[in-house]
2 protein chains.
Amino acid sequence: MPPRTPRADAQRNRDRLLAAAAELVAEEGVQASLRDVARRAEVGLGTLYRHFPTRDDLLEALLGRRFEALAEHAERAERAEHAGTTTTADPERALVDWLQEFTLGAAAYRDLPAALVATLHSPDSALHASCLRMREAGGRLLLAAQEAGAVRPEVTPLDLFALANALGWIADQSPSLAERREHLFRLVWDGLRRR
Amino acid sequence: MPPRTPRADAQRNRDRLLAAAAELVAEEGVQASLRDVARRAEVGLGTLYRHFPTRDDLLEALLGRRFEALAEHAERAERAEHAGTTTTADPERALVDWLQEFTLGAAAYRDLPAALVATLHSPDSALHASCLRMREAGGRLLLAAQEAGAVRPEVTPLDLFALANALGWIADQSPSLAERREHLFRLVWDGLRRR
DNA sequence: ACCTGAACACCGTTCAAGT
DNA sequence: ACCTGAACACCGTTCAAGT
């Protein structure tokens with residue numbers, strides 16, 4: 001038998017929890033109180049744990065679509081490069097554009113970068129899969145840019161992941177640093193380019 | 001009258017608290033439980049708050065010397081450059097060396113970088129003064145390196161502070177990134193150099 | 001199947017009571 | 001002058017009891 005559709009009240013509670021979490025996490029960051037989420041959703045605390053046994057499960061529900069979109073973005077750029085015949089495919093440009101968007105996504109909420117990096121060593125996290133897919137898609141864009149001679153050969157996909165998260169982390173730590181996000185991005189990016 | 005020497009038991013408690021905090025913060029990072037610190041010091045919880053009203057007061061007590069030393073390091077290098085007559089003063093080298101040490105100091109404990117960056121907007125923090133002195137000393141080393149044509153003119157002291165903290169943050173987030181600390185430092189540093 | 005909230009073991013912070 | 005620990009208002013997580 002195919003999976004049954006969930007009971008109507010369960011589905012409703014799940015929706016309410018996600019809406020409440022989206023608000024609260026946007027306001028207070030990844031560390032927002034789960035009790036507050038349940039309260040705002042007007043749902044019992046146990047109900048939250050039933051739907052999202054772990055904080056990472058909740059975050060994955062909030063961010064999954066965005067991360068999938070980022071992976072697809074990279075995969076699309078990759079295919080465009082392979083198909084590049086008449087038009088000059090520009091692997092460097094493709095990587096920069098993607099990296100900018102990735103940096104924004106990795107810092108969608110305050111303290112999200114730390115959660116994403118933690119994912120590296122906890123394969124059971126609900127965020128692990130979508131995070132890995134993004135890293136791999138970005139890694140292939142990196143390789144193309146390196147083969148085109150635009151990026152230093154000793155840069156690894158992990159370096160990219162680390163630096164993008166670090167840039168997102170900085171910007172979320174202080175308003176005066178948030179202003180300098182693009183400037184800092186350019187400085188770091190220039191460190192990755194072949195000279 | 002000059003300030004009286006503290007009562008012997010008060011001095012003893014302060015020492016015990018600092019010793020316990022040094023251990024615990026080294027083990028668990030800046031967020032270590034203050035209750036645990038008091039317990040390990042075998043001291044009442046109120047005693048901890050009397051000596052260190054704020055977590056930042058405790059951290060300043062733990063790190064003050066180290067930060068002062070870093071500021072002095074930069075100031076020494078600065079004076080050496082001014083006095084540079086026969087020997088070739090090397091402002092770039094002086095800045096890199098200092099920045100390496102600064103990056104290590106800013107990440108002396110897990111999550112310390114976040115506390116230091118927070119200092120930017122909270123002038124009442126106990127960490128503010130020593131942090132500011134470091135930033136200013138580093139800023140003068142930066143200026144010298146820029147005047148020597150070694151570093152891009154659009155890099156600010158705040159950029160330096162932000163990037164050093166970001167590098168320290170990365171290294172403390174995951175063992176596999178800690179291994180790449182020097183490599184990442186070189187990549188970022190090369191982004192700051194004039195090309 | 002699913003929901004609820006009390007219960008447990010923790011926090012940070014304050015403050016009345018002691019010496 | 002300094003120390004102590006109970007008290008308060010919060011957490012995250014679990015689980016017996018309900019529908």
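Numbered from 1 within each chain, the chains take letters A, B, ... in sequence-line order. All values reported here derive from a predicted model rather than from experimental measurement.
- Partners of S176(A) under the side-chain contact (heavy atoms from CB on, under 4.5 Å) rule, at least two apart in sequence or in another chain, are S174(A), L120(B), H121(B), L158(B).
- Within the 3.5 Å criterion, the main-chain N or O of D190(B) finds a donor-acceptor partner in the side chain of R195(B).
- Listed by chain and residue number, E60(A) satisfy the side-chain hydrogen bond (donor to acceptor under 3.5 Å, both in side chains) test with S130(A) (two or more places apart in sequence, or in another chain).
- With sequence neighbours excluded, the residues forming a side-chain hydrogen bond (donor to acceptor under 3.5 Å, both in side chains) with E68(A) are R133(A), listed by chain and number.
- Across residues 111-120 of chain A, not one residue has a non-hydrogen atom less than 4.0 Å from an atom of DNA chain D.
- Applying the ring pair (Phe, Tyr, Trp, His ring centres under 6.0 Å) definition to pairs two or more places apart or across chains, none involves residues 15-54 of chain A.
- Heavy-atom distances under 4.0 Å link DNA chain D to no residue of residues 8-27 of chain A.
- Contact annotation: H51(B) side-chain N/O to dC3(D) OP1/OP2 distance is under 4.0 Å.
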Per-pair distances, 0.1 Å, donor-acceptor, side chain in residues 160-171 of chain B, under 3.5 Å, sequence neighbours excluded:
residue: N165(B); atom: ND2; partner: F161(B); partner atom: O; Å: 2.9
residue: W169(B); atom: NE1; partner: Q173(B); partner atom: OE1; Å: 3.4

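- Taking the side-chain contact (heavy atoms from CB on, under 4.5 Å) definition, one finds that E179(A) meets it with nothing, sequence neighbours left out.
- Distance check: M134(B) CE to W98(B) CH2 gives 6.5 Å after rounding to the nearest 0.5 Å.
- Between D36(B) and R39(B) there is a salt bridge, with a side-chain nitrogen of the basic residue lying less than 4.0 Å from a carboxylate oxygen of the acidic one.
- Other residues, nucleotides and ligands place more than 12 heavy atoms under 6.0 Å from the CD atom of E154(A).
- Remark: R55(A) engages no residue in a salt bridge (charged side-chain N to carboxylate O under 4.0 Å, His left out) (not counting sequence neighbours).
- In DNA chain C, stems built from 3 or more consecutive Watson-Crick or G-U wobble pairs, each with both distances under 3.5 Å, span C:4-8 with D:12-16, C:12-16 with D:4-8.
- Residue R39(B) contributes atom CZ, which lies 12 Å from atom C1' of dG5(D) at whole-angstrom precision.
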Query - Sugar-phosphate or base contact per nucleotide [nucleotides 12-19 of chain C; S, B, -; heavy atom under 4.0 Å] - result: BBBB----
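- Applying the salt bridge (charged side-chain N to carboxylate O under 4.0 Å, His left out) test to residues at least two apart or on different chains, none of the pairs has a partner in residues 106-123 of chain B.
- In this structure, E27(A) pairs ionically with R40(A), as a charged nitrogen and a carboxylate oxygen lie closer than 4.0 Å.
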